[in-house]
Number of protein chains: 2
Amino acid sequence: MASALSDALAKHNIVIDHVTSMADAREAADMRSYDAILLDRQLTDGEGLKLIPELRAGNIDSPIIVLTAHNDHEGRIRGLDLGADDYMGKPFVVEELIARLRAVLRRPTLLSSDVISVGRLAFDASHMEPSLDGKPLILPRRELLVLAALMKRNGRTVTREALANAVYSFDVEIQSNSLDAHVSRLRKKLMNLNAGVAIHTIRGIGYLLKVAE
Amino acid sequence: MASALSDALAKHNIVIDHVTSMADAREAADMRSYDAILLDRQLTDGEGLKLIPELRAGNIDSPIIVLTAHNDHEGRIRGLDLGADDYMGKPFVVEELIARLRAVLRRPTLLSSDVISVGRLAFDASHMEPSLDGKPLILPRRELLVLAALMKRNGRTVTREALANAVYSFDVEIQSNSLDAHVSRLRKKLMNLNAGVAIHTIRGIGYLLKVAE
DNA sequence: TTCTCCGTAATGTTCCCGCAATGTTGAAGC
DNA sequence: GCTTCAACATTGCGGGAACATTACGGAGAA
């Protein structure tokens with residue numbers, strides 16, 4: 001079975017390491033990093049499913065597809081809950097296995113998130129969430145918006161007008177120096193927190209966020 | 001079929017938005033962010049598979065599980081290659097669907113293990129089961145969903161809107177502060193249980209779960 | 001029935017934010 | 001240098017919006 005499968009996969013330019021025992025599987029998984037693992041339930045030295053938690057515990061998070069003759073629901077559920085990514089009962093069509101392999105490999109390894117870092121400060125733009133040394137930083141809304149605008153243009157100056165647009169929606173009309181007030185309060189907090197960044201003033205133009213010297 | 005499925009999933013504390021046409025599906029997927037998408041091939045206005053490339057092109061990368069009566073291999077392969085993550089032929093056992101859902105959801109939530117821990121609280125994300133000091137914690141459905149959303153983003157803020165999406169399907173219309181009420185009740189319980197965690201509110205933004213200092 | 005849960009609404013509380021008063025800085029001109 | 005003025009900084013305050021809390025009644029499940 002395995003050699004027939006190897007041939008079929010080889011035709012699709014997939015490179016395989018084939019082992020027959022749990023011991024060998026463990027060792028191989030430890031030594032190398034695989035794009036995916038095909039796991040048969042019947043191994044020479046035991047039940048293949050038992051391998052899954054072991055591998056996961058060992059920080060091996062390659063996708064695992066379980067191949068089995070026992071195509072019963074309980075087994076499938078058990079396998080999936082143990083940490084398998086997919087399950088195929090024999091007999092199966094090789095083309096489908098390949099399709100499932102592709103599906104499993106396609107999954108994004110990491111969630112892309114746009115995080116901006118300045119000094120010890122970080123800012124997750126998609127969640128509007130600042131953090132200092134990894135710990136979340138809780139800020140009032142307006143100050144948060146100020147910080148967001150400054151960090152998005154890290155190191156470059158932000159026009160006073162641009163800042164106002166970022167902080168206030170178009171309809172609200174501001175007729176005081178409340179923007180300055182927010183900048184001031186934010187500045188004070190960054191000082192007290194010793195955040196390692198400072199808000200500089202460009203007279204007549206706007207503001208600018210820089211790592212403290 | 002769909003309503004039976006909804007009921008079954010609801011029993012597992014999974015919140016569902018159910019639509020019947022491709023147009024509605026497109027809109028829903030655009031408007032909200034889903035943990036997973038169950039896609040039937042027979043929709044009122046066309047072939048469900050066609051939706052997959054559209055969604056993927058629209059930067060929607062929620063895992064997609066295709067449900068279908070045509071349990072033929074060609075269809076499965078096509079679906080998987082179009083960008084689906086899994087494929088189930090009808091008739092199917094609901095438990096297996098849930099297991100596959102769990103398998104598919106396991107990836108993005110956390111890399112190493114399925115249980116999230118904050119303070120003395122733990123949460124098994126794939127089974128929606130919270131526990132305190134190892135002992136299971138029984139919570140009403142809505143409070144459970146609130147806690148789940150907060151713990152999945154452990155330490156980071158959860159938008160008010162995101163929280164509402166996690167707790168309510170979009171067909172239920174909420175016109176009161178019931179969400180606040182649930183947060184309040186959950187907070188009280190966590191207090192009384194001395195769980196070592198606290199729900200902070202970020203005015204104008206949302207909430208955040210943190211270990212009590 | 002009885003019990004739990006949930007949405008609603010009334011009521012209480014917090015704290016953000018715009019405002020304004022006052023202080024500080026810095027560039028320009030002599 | 002000194003003066004002057006405008007731009008900016010800082011801080012307290014009051015109103016009000018956002019949030020918290022709790023009781024109540026209906027609905028559904030045991």
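Residue numbering restarts at 1 for every chain, and letters A, B, ... go by the order of the sequence lines.
- In this structure, B:Leu144 atom CG and C:dC6 atom C1' are separated by 15 Å, rounded to whole Å.
- The distance from atom CG of B:Leu190 to atom P of D:dT21 is 12 Å, rounded to the nearest whole Å.
- The residue B:Arg141 sits close only to the backbone: its heavy atoms come under 4.0 Å of sugar-phosphate atoms, none of a base.
- Residue B:Arg203 places its side chain closer to D:dA18 than to any other of C:dG7, D:dA18, D:dT21.
- Atom CG of B:Leu186 and atom P of D:dA20 are 12 Å apart (whole Å).
- Taking atom NE2 on B:His200 and atom P on C:dC15, their separation rounds to 12 Å, with Å as the unit.
- Between D:dT22, C:dT8, D:dA9, one nucleotide has an atom nearer to the side chain of A:Tyr207 than all others, and that is D:dA9.
- Residue B:Tyr168 has a polar side-chain atom (N or O) positioned under 4.0 Å from OP1 or OP2 of C:dG7.
- At the phosphate of D:dT11, OP1 or OP2 sits under 4.0 Å from a side-chain N or O atom of A:Lys188.
- The listed nucleotides are C:dG7, C:dC17, D:dC19; the one nearest the side chain of B:Arg142 is C:dG7.
- Taking atom CG of residue A:Asn192 and atom P of nucleotide D:dT10, one finds them 12 Å apart after rounding to whole Å.
- B:Leu97 is listed as a side-chain neighbour of B:Leu38, based on a closest heavy-atom distance under 4.5 Å.
- Under the 4.5 Å side-chain criterion, counting only non-hydrogen atoms from C-beta, A:Tyr168 is not in contact with A:Leu163.
- Side-chain contact between B:Phe123 and B:Ser117 is absent, with no heavy-atom pair separated by less than 4.5 Å.
- Distance A:Glu143 CD to C:dG18 P: 11 Å, rounded to the nearest Å.
- Each of B:Ile138 and B:Ala181 was assigned the nucleotide of DNA chain C with the nearest heavy atom; the assignment lying further toward the 5' end belongs to B:Ile138.
- Using a 4.5 Å heavy-atom threshold, the side chains of A:Leu190 and A:Ile199 count as touching.
- The A:Arg185 side chain lies nearest to D:dG12 when the options are D:dA20, C:dG7, D:dG12.
- The phosphate of C:dC16 has neither OP1 nor OP2 within less than 4.0 Å of any side-chain N or O from A:His182.
- Of all nucleotides listed (C:dG18, C:dG7, D:dA9), D:dA9 comes nearest to the side chain of A:Asn177.
- Of the side-chain N and O atoms in A:Ser184, one or more sit less than 4.0 angstrom from OP1 or OP2 of D:dT10.
- When side chains are defined from C-beta on, B:Thr68 does not count as touching B:Gln42, because their heavy atoms never get closer than 4.5 Å.
- Rounding to whole angstrom units, CD1 of residue A:Ile199 and P of D:dA9 are separated by 9 Å.
- The nearest heavy atom of DNA chain D to A:Gly206 and to B:Ile202 marks one nucleotide each, and the one closer to the 5' end goes with A:Gly206.
- If you take CG of A:Leu179 and C1' of C:dC16, they are 15 Å apart, rounded to a whole angstrom.
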